[in-house]
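Per chain, numbering begins at 1; letters A, B, ... match sequence-line order. Nothing here was measured: the structure is a model prediction, and the numbers come from that model.
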Protein chains: 2
Amino acid sequence: MNDSPRRRELTRLAAQLFVQEGFDRTTVRMLAQEMGIKSGSLFHHFRDKQEILCAVIEEGTQNALAIAREALEACASTPEARLHAMARAHLETLLTDRNAHVVALYEWRRLDAESRAHLSHLRDAYEALWQEVVGDALEAGLIHGDKFLVSRFVLGALNWTVRWYDPEGSRTPEELARELIAMITPPAR
Amino acid sequence: MNDSPRRRELTRLAAQLFVQEGFDRTTVRMLAQEMGIKSGSLFHHFRDKQEILCAVIEEGTQNALAIAREALEACASTPEARLHAMARAHLETLLTDRNAHVVALYEWRRLDAESRAHLSHLRDAYEALWQEVVGDALEAGLIHGDKFLVSRFVLGALNWTVRWYDPEGSRTPEELARELIAMITPPAR
DNA sequence: TGTTTACACTAGCGCTTGCTTGGTTATGCT
DNA sequence: AGCATAACCAAGCAAGCGCTAGTGTAAACA
């Protein structure tokens, strides 16, 4: 019941369906068909439908966390570079792992109590990373305001992009990140 | 089938249930019970379940639009005052009409094609208002960046507040609006 | 060679869903 | 008084839901 390569693949397919139809409207039969098996076979890989949702969100969040940490290690250590790296990493995960993140954003409330508690820790770790980077930028005088408030405003702006951002359009995540950081930092430095 | 006072009341109750349970998990029987009638009677007021969702979102959006327009008329005509008035109005609607807005944010995709088309116009009108105010602030040199991009970033930051903002907490919408505007405007003016 | 393990199948149980039907009661106008 | 209309109810249909039980099969291991 733990994670096999097959389960990974199924989780990816499930994420896609959850985005298209929403969690509640996605039936186990639809999931099974998309996976090329019968509905009964699905419960060999997942205990119940809830566990599929949990798996989708967990993988998405874990990827986001990993990518953010890599980005921080790879970039320069100036507060501005770190801020930019975080924003860019966030936007890139939002694209490469789009389905999982849309599910995490829109179907969070369908999680039962224990799944939610488990995943909350992951999400909190990610937000703590943001607060750390934002805090450093504040101390350096790069931006101004309250650490938690700024973190939340920025995360909101970034997450909202899934509503309007078109990957086929002219802007890259790199540019988008730069424009966001430019918006909250004074023009003359 | 059009809007009676009773229908208004029912719409308000529906919004509350949709927030608690989500649209798909809210059954017509739950709706009816909350309204103090039997499930069959529900279809005297609404053609089908979809129409209830549509009514909830329509009223929320129309209120937001009205309140934003009032706020703009009531405030000073400087770009900064107008920006602040819009942010504050948005946060206040998000509070007073919280249920309807949460539904609009999270259950938008459950709308069928025609409802969505109808409501898109309302939403576009609201966003156009923001773009106008942001555009003026840009021309006045108050903020910098792209008109559409800034509008979307700001709207994202504001809408995200429904995830974390606690009305019982120490911050008022007024303060929150001020802090957001401060974040995107250079400190020295 | 015999046994285990992983994965899939068929069949269907018990329950809930949105919505309809056909009829009853309350309100208010003429 | 007579009538129209709005609001409601009890009962239930057809479809679909998540999930279970029991079985088959092919590869991996002893």
Side-chain angles (χ1 to χ4, degrees), chain A residues 1-58 103 106-116, chain B residues 1-58 103 106-116:
Chain A
M1 206 64 116
N2 46 14
D3 42 293
S4 57
R6 181 88 174 114
R7 191 178 145 122
R8 278 283 158 88
E9 174 68 7
L10 299 185
T11 303
R12 233 203 62 246
L13 285 169
Q16 188 188 337
L17 260 182
F18 288 164
V19 169
Q20 273 173 37
E21 308 287 330
F23 176 70
D24 291 321
R25 289 178 116 84
T26 304
T27 70
V28 292
R29 288 173 237 273
M30 291 165 66
L31 285 165
Q33 189 178 15
E34 194 77 9
M35 297 164 176
I37 58 179
K38 299 296 175 184
S39 72
S41 315
L42 217 163
F43 294 90
H44 172 74
H45 301 278
F46 301 93
R47 192 175 319 120
D48 53 22
K49 200 187 164 192
Q50 264 285 320
E51 198 178 84
I52 309 181
L53 177 59
C54 192
V56 166
I57 298 185
E58 175 158 11
V103 171
Y106 287 95
E107 312 286 354
W108 182 266
R109 325 192 55 171
R110 299 318 150 230
L111 287 167
D112 59 30
E114 47 189 337
S115 301
R116 202 180 308 192
Chain B
M1 206 64 117
N2 45 13
D3 40 291
S4 57
R6 183 86 175 114
R7 191 177 145 124
R8 278 282 160 89
E9 175 68 8
L10 299 184
T11 303
R12 232 203 63 243
L13 285 168
Q16 188 189 338
L17 261 181
F18 287 164
V19 169
Q20 273 175 35
E21 307 288 330
F23 176 71
D24 290 322
R25 287 179 117 84
T26 303
T27 68
V28 292
R29 288 173 238 273
M30 292 165 66
L31 285 165
Q33 190 178 15
E34 194 77 8
M35 297 165 176
I37 58 179
K38 297 297 175 183
S39 72
S41 316
L42 219 163
F43 295 90
H44 172 74
H45 301 278
F46 302 93
R47 192 177 316 121
D48 53 22
K49 200 186 166 193
Q50 264 284 320
E51 199 178 82
I52 310 182
L53 177 60
C54 192
V56 167
I57 298 185
E58 175 159 11
V103 170
Y106 287 95
E107 312 288 354
W108 181 266
R109 325 193 53 169
R110 298 318 150 232
L111 288 167
D112 58 30
E114 45 188 340
S115 301
R116 203 180 307 192

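Computed from coordinates, the B/Phe43 CZ to C/dT17 P distance equals 12 Å when rounded to whole Å. Here the C1' atom of nucleotide D/dC8 and the CD atom of B/Gln33 are 16 Å apart, to the nearest Å. Atom-to-atom, CG of A/Leu42 to P of D/dC17 comes out at 14 Å; the value is rounded to the nearest Å. In this entry the distance linking CZ of A/Phe46 with C1' of D/dT20 reads 18 Å, nearest Å. Between the C1' atom of D/dC17 and the NZ atom of A/Lys49 lies a distance of 9 Å, rounded to the nearest Å. Taking atom CZ of residue B/Arg7 and atom P of nucleotide D/dC8, one finds them 14 Å apart after rounding to whole Å. Spacing between atom CD of A/Glu51 and atom P of D/dC19 amounts to 11 Å, rounded to whole angstrom units.
Residue A/Gln20 qualifies as enclosed at atom CD: its count of foreign heavy atoms under 6.0 Å is above 12.
A/Phe46 pairs in a side-chain contact (heavy atoms from CB on, under 4.5 Å) with only one of the listed residues (A/Val28, A/Leu31, A/Ile52), which is A/Ile52. Each of B/Leu111, B/Val56, B/Leu53, B/Val103 was compared with B/Phe23 under the side-chain contact (heavy atoms from CB on, under 4.5 Å) criterion, and only B/Leu53 meets it. Each of B/His45, B/His44, B/Lys38 was checked for a side-chain contact (heavy atoms from CB on, under 4.5 Å) with B/Ser41, and the lone residue meeting it is B/Lys38.
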Taking only nitrogen or oxygen atoms into account, show me every contact under 3.5 Å that the protein makes with nucleotides 5-8 of chain C, one pair per line with its distance.
unit_1, atom_1, unit_2, atom_2, d
C/dC7, OP2, A/His44, NE2, 3.3
C/dA8, OP1, A/Arg6, NE, 3.3
C/dA8, OP1, A/Arg6, NH2, 3.3
C/dA8, OP2, A/His45, NE2, 2.7

Below 3.5 Å between N/O atoms, which protein atoms pair up with nucleotides 22-29 of chain C? Just atom names and distances, please.
none

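Sorted by residue number, the members of residues 14-32 of chain B with any non-hydrogen atom under 4.0 Å from DNA chain C read B/Thr26, B/Thr27, B/Val28, B/Arg29.
Under the 4.5 Å side-chain criterion, counting only non-hydrogen atoms from C-beta, B/Glu107 is not in contact with B/Val19. The side-chain heavy atoms of A/Met30 and A/Arg25, taken from C-beta on, include no pair separated by under 4.5 Å.
Atom CZ of residue A/Arg109 and atom CZ of residue A/Arg116 lie 7.5 Å apart, to the nearest 0.5 angstrom. Rounding to the nearest 0.5 Å places CZ of A/Arg29 at 11.0 Å from CG of A/Leu42.
Between the A/Glu34 side chain and the A/Leu10 main chain, no donor and acceptor come within less than 3.5 Å of each other.
What you find for A/Ala14 and A/Met35 is that their closest heavy atoms are CB-CE, 4.3 Å.
Ion pairing of B/Arg12 with B/Glu9 is present here, as a side-chain N (NZ or NE/NH1/NH2) and a carboxylate O approach within less than 4.0 Å.
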